[in-house]
Amino acid sequence: MAIREILEVPDPRLKTVSQPVEAGEFDDDLRTLVDDMFETMYAAPGIGLAAIQVGVPKRVLVIDLQEPDESADAEDCGDDECGHDHRPMVRNPRTFINPEILDPAEELATYQEGCLSVPDIYADVDRPATCRVRYQDLDGNVHEEDMTGLMATCIQHERDHLEGILFIDHLSRLKRNMALKKLRKLQAA
Ligand code: GNR
Ligand code: NI
């Protein structure tokens with residue numbers, strides 16, 4: 001396992017259209033890539049990562065929303081006004097190979113998005129509120145699954161990376177330019 005370097009804007013490789021994982025490629029090299037992507041994502045930390053973000057132009061995604069364990073009792077941090085949820089995070093690592101987005105809902109949902117390749121920039125993005133995803137697992141078996149909430153948003157954000165699209169590409173030109181200007185300022189510092 002290894003943490004890999006995450007590419008950042010304006011690296012032109014982020015605009016690559018990634019290539020499908022072919023039938024003969026569901027092998028140990030693919031498992032190593034996925035293991036490294038999880039380690040890199042958890043270390044960042046982030047809730048999703050596309051292979052192109054570590055410079056590999058293959059249609060491979062990992063996601064772990066790392067949400068608080070609803071079944072656990074909230075731990076008392078001693079601060080009555082803290083407001084944070086102190087329940088332990090449950091890990092739910094998910095791997096999606098060659099994902100396809102099906103049946104995007106007409107209804108949109110707005111989330112404040114961020115991206116490990118556009119560090120420290122956050123903006124509201126509207127996307128279909130639900131969708132279906134067809135994908136392969138590490139053994140090449142095909143699955144279909146309905147996605148809602150943050151998972152629906154995240155898988156669409158990750159799928160965009162496979163087409164060379166970033167969340168800032170969904171903003172108005174004015175807002176995108178403001179975001180890019182702020183990013184350049186942060187990168188220079
Ligand atoms: O860590 C991430 N958080 C996030 C928040 C809202 C919508 C999408 C994301 S994905 C992002 C990690 C990343 O850059 N994945 O490509
Ligand atoms: Ni991203």
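Atoms within each ligand, like the ligands themselves, are counted from 1 in listed order. These numbers come from the heavy atoms of this one structure, side chains and all, not from hydrogens, waters or symmetry mates.
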At a cut-off of 2.8 Å, what protein N/O/S atoms sit near the Ni ion (ligand 2)?
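You should have found C115 SG, H157 NE2, H161 NE2.
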Distance to 0.1 Å, residue and atom name: give those for the protein heavy atom nearest to [atom].
atom	answer
atom 14 (O) of ligand 1	L116 N, 2.8 Å
atom 8 (C) of ligand 1	H157 ND1, 3.5 Å
atom 3 (N) of ligand 1	I47 CG1, 3.4 Å
atom 9 (C) of ligand 1	G114 O, 3.6 Å
atom 12 (C) of ligand 1	G48 O, 3.2 Å

For ligand 1, which atoms sit closer than 4.0 Å to a heavy atom of [X]?
X	answer
G46	1 (O)
C115	14 (O)
H161	16 (O)

May I ask you to check whether Q53 has an N/O atom sitting below 3.5 Å from an N/O atom of ligand 1?
yes
Heavy-atom count check: over 12 atoms from other residues, nucleotides or ligands less than 6.0 Å from E107 CD?
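Check fails, neighbour count at 12 or below.
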With a sphere of 6.0 Å drawn around CD of E70, does it hold more than 12 non-hydrogen atoms of other residues, nucleotides or ligands?
yes
Less than 4.0 angstrom from a charged side-chain N to a carboxylate O is my criterion; do R59 and E163 meet it?
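Yes, this pair counts.
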Using a strict threshold of under 4.0 Å (side-chain N to carboxylate O), is an ion pair present between E25 and K58?
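Yes, charged N to carboxylate O under 4.0 Å.
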Any cation-pi pair here, R91 with Y42, using under 6.0 Å and within 45°?
yes
Distance in Å, Y111 OH paired with F167 CZ, rounded so as to fall on 0.5 Å steps:
16.0 Å
Answer with side chain, backbone, both or neither: which part of Q112 has a heavy atom less than 4.0 angstrom from an atom of ligand 1?
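It is the backbone that touches ligand 1; the side chain stays farther off.
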Candidate pair E67 and R87, rule salt bridge (Lys or Arg N to Asp or Glu O under 4.0 Å), full reasoning
CA-CA 9 Å; E67 289 172 315; R87 281 177 286 206; over 6 Å; no
Do the side chains of M151 and E145 get nearer than 4.5 Å, heavy atoms only?
no
Min over M41, E158, Q66, E113 of heavy-atom distance to atom 7 (C) of ligand 1 lands on E113
With no hydrogens and no angle check, just 3.5 Å: does a side-chain donor-acceptor pair link T110 and D126?
yes
Answer yes if the side chains of Q53 and S117 hold a donor-acceptor pair under 3.5 Å, and no otherwise.
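Yes - a donor-acceptor pair under 3.5 Å links their side chains.
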Assigning hydrophobic clusters by single linkage (Ile, Leu, Val, Met, Phe, Trp, Tyr; side-chain heavy-atom cutoff under 4.5 Å), is V125 placed with I121?
yes
